[in-house]
Amino acid sequence: MGSVFLASFDTAFGAMKLASTESGLAYVQLPRAQGRGLTGWLHTHATGDDVRDGYEPNRAAILQITEFLEGKREAFDLTLDLRATSFQHKVYEALQQIGYGETRTYTDVAHAIGQPKAVRAVGTANGANPLSLVIPCHRVVAAGGKLGGYGGGLPMKEKLLAMEHRHPAQGALL
């Protein structure tokens, strides 16, 4: 049994929630998140853990996510506690190779992990990403450049991609 530390903070998009463990950042809940969210993640991945409020263990993640959303940061430097299947780990590693301001299709990611027929599974793993923004699932688009889904909603995905295509010094994501 370990400890999970929860923290909430406000952004220009609305309130976000984080969960960290002694091993690192484990979950990022976007504003207006769809699906089971943090509660579902805790039920699935932190059963039996001591769950408590903990701003301090989340301080670095809050700072870096805030900087990212303000257009002041292009990459994250955080220790992660990624609780995922081996297939999901492969997908998330591939997502982390997509550079700031770049996009890839689900097909591109499937090829990158050496499983070109696993396009739908890549989409499912992308949708289950517990570390949105930090593991940049927003940089994956459907064939033809369509946005596809996003846990924080398509308007947020569109704004994230637009922000990344501008130079960071040109302004925040508002």
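Hydrogens, waters and symmetry mates are skipped; everything else that's a heavy atom, side chains included, is used.
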ask   = Shared ILVMFWY cluster between Leu95 and Leu78, side chains joined below 4.5 angstrom?
value = yes
Applied to residues 133-146, the side chain to side chain donor-acceptor pair (under 3.5 Å) test, sequence neighbours excluded, yields His138-Glu164, Arg139-Glu164
Rounded to the nearest 0.5 angstrom, the OG1-CG distance for Thr21 and Asp81 is 3.5 Å
_Using side-chain contact (heavy atoms from CB on, under 4.5 Å), reason through Gln64 and Leu25 one step at a time and then give a plain yes or no._
CA-CA 12 Å; Gln64 290 186 34; Leu25 181 65; over 6 Å; no
Quiz item: Between Asn129 and Leu131, is there a donor-acceptor pair closer than 3.5 Å when you use the side chain of the first and the backbone of the second?
Solution: yes
Report task. Return yes if some donor-acceptor pair links the side-chain N/O of His165 with the main-chain N/O of Leu161 below 3.5 Å, else return no. Result -> yes
May I ask whether Leu38 and Met16 are part of the same hydrophobic cluster, defined by side-chain heavy atoms of I, L, V, M, F, W, Y residues being less than 4.5 angstrom apart, directly or through others? no
(Q) Tell me whether Tyr92 contacts the main-chain N or O of Ala125 through its side chain, where contact means a donor paired with an acceptor under 3.5 Å. (A) yes
Scanning both residues in full, the closest heavy-atom pair of Ser3 with Arg52 reads OG-NH2, 2.9 Å
Quiz item: Do Pro130 and Arg83 have side-chain heavy atoms sitting under 4.5 Å apart?
Solution: no
message: Please determine whether residues Leu6 and Leu133 belong to a single hydrophobic cluster, defined as Ile, Leu, Val, Met, Phe, Trp and Tyr linked transitively by side-chain heavy-atom distances below 4.5 Å.
response: no
Report the C-alpha separation of Gln29 and Trp41 in whole Å, then their side-chain angles, then the decisive distance to 0.1 Å, and conclude whether the side-chain contact (heavy atoms from CB on, under 4.5 Å) test is met.
CA-CA 10 Å; Gln29 181 171 296; Trp41 182 88; over 6 Å; no
Quiz item: Given side chains that start at C-beta, do those of Leu80 and Gln96 come closer than 4.5 Å, heavy atoms only?
Solution: yes
Salt bridge (Lys or Arg N to Asp or Glu O under 4.0 Å) filter on Asp53, not counting sequence neighbours, yields none
In terms of heavy-atom contacts, Gly54 and Pro57 come closest through O-CD, 3.3 Å
Using side-chain contact (heavy atoms from CB on, under 4.5 Å), reason through Ile135 and Phe76 one step at a time and then give a plain yes or no. CA-CA 9 Å; Ile135 296 178; Phe76 293 93; over 6 Å; no
Heavy-atom closest pair (Pro136 atom, Ile98 atom, distance to 0.1 Å) is CG-O, 4.3 Å
Between the CG atom in Leu42 and the NZ atom in Lys17, the distance rounded to the nearest 0.5 Å is 10.0 Å
Hey, quick one: are Leu82 and Ile65 part of the same hydrophobic cluster, counting side-chain heavy atoms closer than 4.5 Å, chains of contacts allowed?
yes
Of all heavy-atom pairs linking Ala94 and Ile113, the shortest is CB-CG2, 3.8 Å
Across all chains, not counting sequence neighbours, the salt bridge (Lys or Arg N to Asp or Glu O under 4.0 Å) partners of Glu22 are none
*asked:* Between Asp108 (side chain only) and Thr105 (backbone N and O only), is there a donor and an acceptor less than 3.5 Å apart?
replied: yes
Run Tyr27 and Val4 through side-chain contact (heavy atoms from CB on, under 4.5 Å) and show every step you take. CA-CA 10 Å; Tyr27 191 85; Val4 177; over 6 Å; no
What one should report as the nearest heavy-atom pair of Thr11 and Pro31 is OG1-CG, 4.1 Å
query = Take atom CG in Asp77; do more than 12 heavy atoms of anything else shown fall under 6.0 Å from it?
reply = no
### Query
Under 3.5 Å, side chain of Lys157 to main-chain N/O of Gly149, donor-acceptor pair present?
yes
So CD of Glu74 and CD of Glu67: to nearest 0.5 Å the spacing works out to 12.0 Å
Shortest non-hydrogen pair, Leu69 vs Met156, comes out as CD2-CE, 4.4 Å
The side chain to side chain contact (heavy atoms under 4.5 Å, CB included) partner of Leu18 among Tyr55, Phe9, Phe5 is Phe9
Pair Glu93 + Lys90: basic N to acidic O under 4.0 Å
no
- [ ] Mind telling me whether Phe68 and Tyr100 have parallel, tilted or perpendicular rings, with 30° and 60° as the class edges?
- [x] perpendicular
